[in-house]
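When reading the values below, keep in mind they use all heavy atoms of this one structure, side chains included, and skip hydrogens, waters and symmetry mates. Every chain is numbered from 1 and lettered A, B, ... according to where its sequence line falls, protein lines coming before strand lines.
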Amino acid sequence: MRATQLLISTLKETPADAEVISHQLLLRAGMIRKLEANGLYNWLPLGLKVLRKVEKIIREEMDKSGAQEVLMPVVQPADLWIESKRWEYYGAELLRFKDRHDREFCLGPTHEEVITDIARRELRSYKQLPINFYQIQTKFRDEVRPRFGIMRAREFIMKDAYSFHLTQESLQQTYDVMYETYSSIFSRLGLQFRAVLADTGSIGGNKSHEFHVIALSGEDAIAYSDQSNYAANVELAEAISPVISRSQATQELKKVSTPNQHSIEDVSNFLNVSPEQCLKTLIVYGKEDGLVALILRGDHQLNVIKAAKHELIASPVVFASNEEIKETIGCEIGSIGIIDLKIPMIVDRSALQVSDFVCGANEDGFHLTGVNWGRDLPEPTNIFDLRNVVENDPSPDGSGHLKIARGIEVGHIFQLGEKYSSAMQAKVLDETGRAVTMTMGCYGIGVTRVVAAAIEQNHDEKGIIWHDSIAPYQIVLTPMNMHKSKRLEIASEELYKKLIAAGFEVLFDDRKERAGVMFADWELIGIPHRLVISDKGLDEQTFEYKGRRDKDAQKISADQLIDFLKSKIGNNAM
RNA sequence: CGGGGUGUAGCUCAGUUUGGUAGAGCACUGCUUUCGGGAGGCAGUUGUCGGAGGUUCGAAUCCUCUCACCCCGACCA
């Protein structure tokens, strides 16, 4: 490709509404542009090149896994969604509208209904199973608050796959294949990623993994062991109770005045004890009427997803209002304590381990010190894992300690079970001739999000750094002052053709631009390999090469150039 | 949906307090130079001042309404 024939719309300045680095760089590199409305983006030629490469790798690996590609409409009839009950439950994220005949439709945020409809029409026999369909298709979710550019846009491209099975064992097998396939995909994309155990949430099912690209700007926190393969979303990661037993009580129970000291930070500073030595009491609504107290160590954070799984706690977790707390317990939020609480109490495992602790006195302006389980109040009976794991907690698999990293969720695989197949009567005959509801798996990759995630992970102050496999072009050929040297022009044209013949994806910067402009543009756009051709170099039969991450350029003799480039770029992108 | 902020040239922004008829830098066009790191010079082009209504001799500026976008939160798998 010649630069004079390519839309190069680089910006020197960062548009004011771009918050995250991937959004800024995609805009500045001229890869995407926002359409008038919020959360909708145009893909310009250079950006689309990248997107298509990501799609190609996904497609190749999915095909290799034995999945088959289909294409389903973006517009979906309401009837199917009514059948699955999601017309009622999906909420405002589902963009609904009517056609000219007043029939109701929606824009597909996902395609479970449609694929299940295909399956129930086309699949008749267990002999056709297992089967795995995928598509790469545009989705629309009317997000409450789209943000971060293409990271969380309203319209986006997703690779979604749906598998159908007669048995759980079969589902597990395909699930494992997808796990491996995803690992291959993200490896080929050149991403540093981690597969983590995930909460299955309201979709249900018994097993789920998220694939996260590790990046400081990630929206999710993930916990992983420093010594084993264990990794889980912090939402899910289990906080193991340390094996150490509680120390003996050494202090007297005392009531102390703590005027205007409310937060754990206030109280621990005021009494000169560490937050670990304090217990905090959070009041939430119970599943039945009434309130429930949750007891955590002062330095720990409540994990609302874990808490919502407790049988006494309302799901989702809702904190009690100040008025109700005052009415039921008799004090303000900052002074709630554990002794003589009149409501059910659920104690985090770690809170159980503390002796001589500090807690509220259930009386405004007072706390208790030297409190001990068993001595000053009964040993708790209701013990639960309520908190977020923190750095250096023991790993739940017993091997090593947990580290915390930020991740961008780019893929999610889970076992759906029969939620859609049973609601929509998707059945096949088994070997005894009996109609059996199929069980399903579902596997997504946010294709457009992958592009953003790749940038979040790979950029510097000059711009994007694409991995060879997804760069819009592998090599950029930049001649120095070509318009002044006929000899250089001829040599550049020759080299351009030679590189193409050798199988490289090469961009020839034939613009009449100064060197600095060319260099700055291609560094911003993130072309991984740069060749400079100059009169000086022609004299000594060399070209100058610089990798996007290299500090300095190096001279390569003309006769070795192709071999050199092949060794640099390798086969992964060819 | 709640809170905060911003709307002026393609981009970044000044001008609004104190009303007087629209600006800078970058970008873009042409020419030019000492042309390997977003260079310099000369000459140009670019606006419903987000929209509607009002006050006024006169509104980007004051008032009312409205729309859009951004940030924080809530929501969401």
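- Ranking B/rA39, B/rU12, B/rA77 by closeness to the A/E210 side chain, first place goes to B/rA77.
- Residues A/F133 and A/Y162 place their aromatic rings such that the two centres sit no closer than 6.0 Å.
- Here the nucleotide nearest the side chain of A/H483, chosen from B/rC35, B/rG38, B/rC13, is B/rC35.
- Nearest-nucleotide assignment on RNA chain B puts the 5′-proximal partner with A/K484, out of A/K484 and A/V317.
- If you check B/rA77, B/rG25, B/rG37 against the side chain of A/E13, the one that comes closest is B/rG25.
- Residue A/E235 places a side-chain atom within donor-acceptor reach of the base of B/rA77, judged by atom type and a 3.5 Å distance cut-off alone.
- For A/I305, the listed nucleotide lying nearest its side chain is B/rA77; candidates were B/rU12, B/rA77, B/rC35.
- Taking atom P in both B/rG51 and B/rU61, one finds a spacing of 10 Å when rounded to whole Å.
- A residue-by-residue look at A/E513 and A/A553 shows that A/E513 has its nearest nucleotide of RNA chain B further toward the 5' end.
- Among the protein residues, A/E544 comes within range of the nucleic acid bases, having at least one heavy atom under 4.0 Å from a base atom.
- Using a 4.0 Å heavy-atom distance criterion, A/A520 is classed as a base contact.
- Checked by distance alone, A/E523 brings a side-chain donor or acceptor within 3.5 Å of a matching partner on the base of B/rG37.
- If you check B/rC71, B/rA27, B/rC69 against the side chain of A/D17, the one that comes closest is B/rC69.
- A/R511 comes within 4.0 angstrom of no nucleic acid atom, judged by non-hydrogen atoms across all strands.
- Ring geometry, A/H209 versus A/Y179: the interplanar angle exceeds 60°, so the pair is classed perpendicular (tilted spans 30 to 60°).
- With 3.5 Å as the limit, one finds a donor-acceptor pair spanning the side chains of A/S84 and A/E113.
- When heavy atoms are screened at a 4.0 angstrom cut-off, A/I533 is found touching no nucleic acid atom at all.
- Between the side chains of A/H529 and A/Y545, at least one donor-acceptor pair of N or O atoms lies under 3.5 Å.
- A tilted orientation is assigned to the rings of A/F508 and A/Y496, their planes being inclined by 30° to 60°.
- When the P atom is used for both B/rC1 and B/rG15, the distance is 33 Å, rounded to whole Å.
- Of the possible donor and acceptor atoms, none in the side chain of A/H310 sits under 3.5 Å from a partner among the backbone N and O of A/A307.
- Straight-line distance between the C1' atoms of B/rC13 and B/rG53: roughly 29 Å, to the nearest whole Å.
- Only the P atoms considered, B/rA24 is 25 Å distant from B/rG38, to the nearest whole Å.
- Distances were taken from every side-chain heavy atom of A/K12 (C-beta onward) to each of B/rA39, B/rC35, B/rC11; the shortest belongs to B/rA39.
- Within the nucleic acid shown, A/S534 comes within 4.0 Å of at least one base atom, counting heavy atoms only.
- Considering only side-chain atoms of A/R147, the nucleotide from B/rC35, B/rC75, B/rG37 that sits closest is B/rC75.
- When the nucleotides B/rC76, B/rC35, B/rU12 are ranked by their closest atom to the side chain of A/R514, B/rC35 comes out on top.
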